[in-house]
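The basis for the numbers below is simple: all heavy atoms, side chains too, and nothing from hydrogens, waters or symmetry mates. Here the structure is a predicted model, which is why all the values come from computation and not from measurement.
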Amino acid sequence: DIAAKLRQRSDVPIIAGGLHPTFAPESVLASDGFDYVCLGEGEEAMLELLGALELGMPTAGIDNIWSEGGDRPRLRPPVSNIDELPFMARDLLDEHHGVVHMATQRGCPFPCTYCAARIYNQLDKPIADYGRRRSQDNVIDVHYEFQFDTAGTNLPISVSINGQLEEDLPPGGDTIALSVYNWFNG
């Protein structure tokens, strides 16, 4: 309903991504208002789609992007080294009381029957292993870039990796311990 109402007000292209558009793209494209669906991961596909739209070029043939009335696209391989992806734009997140949102992995190596990650694995099985994790150094680097704001007091972060405390902490003040445990290595 929202896409249909937006369509009544604007001719801006509307694309849907995520679980539902990935696994039921025909039903999304059949809904009023949607022009495109993104199957699987969208970072590279969206950049390519927006570039084509900006230049007025055809969008058919963009991997992962399915347009209304078009053929099902090929799937590009999932990003194998997710350290190359930027972290979320912290200034756009509504984080309060020391809550920090962080994505340290994509996919999952486990085949739980109740979880969509198993289906993503099947979607990308011929292409790649869908369970991927950021490296410990990459996760720690982003934590040094910001400070928690708890009860009006900025607190530097203390990082523990597999029980080993990092020595090069910001000087002074109380710290919040953040445990980063790599369960693949220990």
Side-chain angles (χ1 to χ4, degrees), residues 1-134 138-139 142 145-146 149:
D1 290 342
I2 293 173
K5 288 180 182 178
L6 287 172
R7 175 60 63 229
Q8 291 172 358
R9 295 181 177 203
S10 174
D11 62 351
V12 171
I14 298 175
I15 182 167
L19 289 172
H20 183 74
T22 294
F23 297 111
E26 294 94 345
S27 70
V28 174
L29 288 171
S31 302
D32 290 338
F34 291 102
D35 300 297
Y36 304 94
V37 292
C38 180
L39 308 178
E41 294 184 354
E43 288 87 357
E44 294 170 353
M46 284 297 296
L47 287 174
E48 194 173 338
L49 174 64
L50 293 175
L53 291 172
E54 183 177 44
L55 297 174
M57 298 176 63
T59 58
I62 298 175
D63 292 351
N64 292 43
I65 301 295
W66 196 348
S67 62
E68 186 178 18
D71 294 329
R72 186 179 185 94
R74 292 182 323 154
L75 291 178
R76 63 185 75 219
V79 176
S80 60
N81 181 5
I82 64 171
D83 284 357
E84 296 172 0
L85 296 175
F87 278 93
M88 292 180 262
R90 306 224 68 81
D91 58 322
L92 300 177
L93 300 175
D94 187 21
E95 298 174 327
H96 299 286
H97 312 294
V99 172
V100 176
H101 297 90
M102 188 166 217
T104 60
Q105 70 180 28
R106 284 266 177 101
C108 181
F110 302 111
C112 302
T113 58
Y114 57 84
C115 181
R118 174 180 63 90
I119 305 301
Y120 267 119
N121 284 343
Q122 291 173 3
L123 177 73
D124 290 324
K125 188 62 103 186
I127 299 172
D129 180 16
Y130 206 75
R132 296 147 295 146
R133 288 174 169 60
R134 288 185 181 272
N138 182 260
V139 172
V142 77
E145 293 175 9
F146 64 90
D149 185 5

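Within a 6.0 Å sphere centred on CG of Asp71, other residues, nucleotides and ligands contribute 12 heavy atoms or fewer.
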Got a list of side-chain donor-acceptor pairs under 3.5 Å for residues 42-58, not counting sequence neighbours?
unit_1 : atom_1 : unit_2 : atom_2 : d
Glu43  : OE2    : Arg106 : NH2    : 2.2
Glu48  : OE1    : Arg76  : NH2    : 3.0

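Scanning for side chain to side chain contact (heavy atoms under 4.5 Å, CB included) contacts around Ser80 gives an empty result, with sequence neighbours left out. Scanning for side chain to side chain donor-acceptor pair (under 3.5 Å) contacts around Ser67 gives an empty result, with sequence neighbours left out. Listed by chain and number, the residues in a salt bridge (charged side-chain N to carboxylate O under 4.0 Å, His left out) with Asp63 are Arg74 (sequence neighbours excluded). Qualifying side chain to side chain contact (heavy atoms under 4.5 Å, CB included) partners for Asp1, counting only residues two or more places apart in sequence or in other chains: none. The side chain to side chain donor-acceptor pair (under 3.5 Å) test applied to Asp32 returns no partner, not counting sequence neighbours. For Pro21, the side chain to side chain contact (heavy atoms under 4.5 Å, CB included) partners are Ala16, Val28, Val37, not counting sequence neighbours. For Ala3, the side chain to side chain contact (heavy atoms under 4.5 Å, CB included) test picks out Ile14, Phe34, with sequence neighbours left out.
Each salt bridge (Lys or Arg N to Asp or Glu O under 4.0 Å) pair with one or both residues in residues 10-28, not counting sequence neighbours, would appear here, but there are none.
In terms of heavy-atom proximity, Glu41 sits nearest to Pro78 at OE1-CA, 3.5 Å. When all heavy atoms are compared, the tightest approach of Gly33 to Arg7 is O-NH2, 3.0 Å.
Atom OG1 of Thr104 sits about 7.5 Å away from atom CZ of Arg133, to the nearest 0.5 Å.
Within the 3.5 Å criterion, the main-chain N or O of Leu85 finds a donor-acceptor partner in the side chain of Arg134.
When side chains are defined from C-beta on, Ile65 counts as touching Ile15, because their heavy atoms get closer than 4.5 Å.
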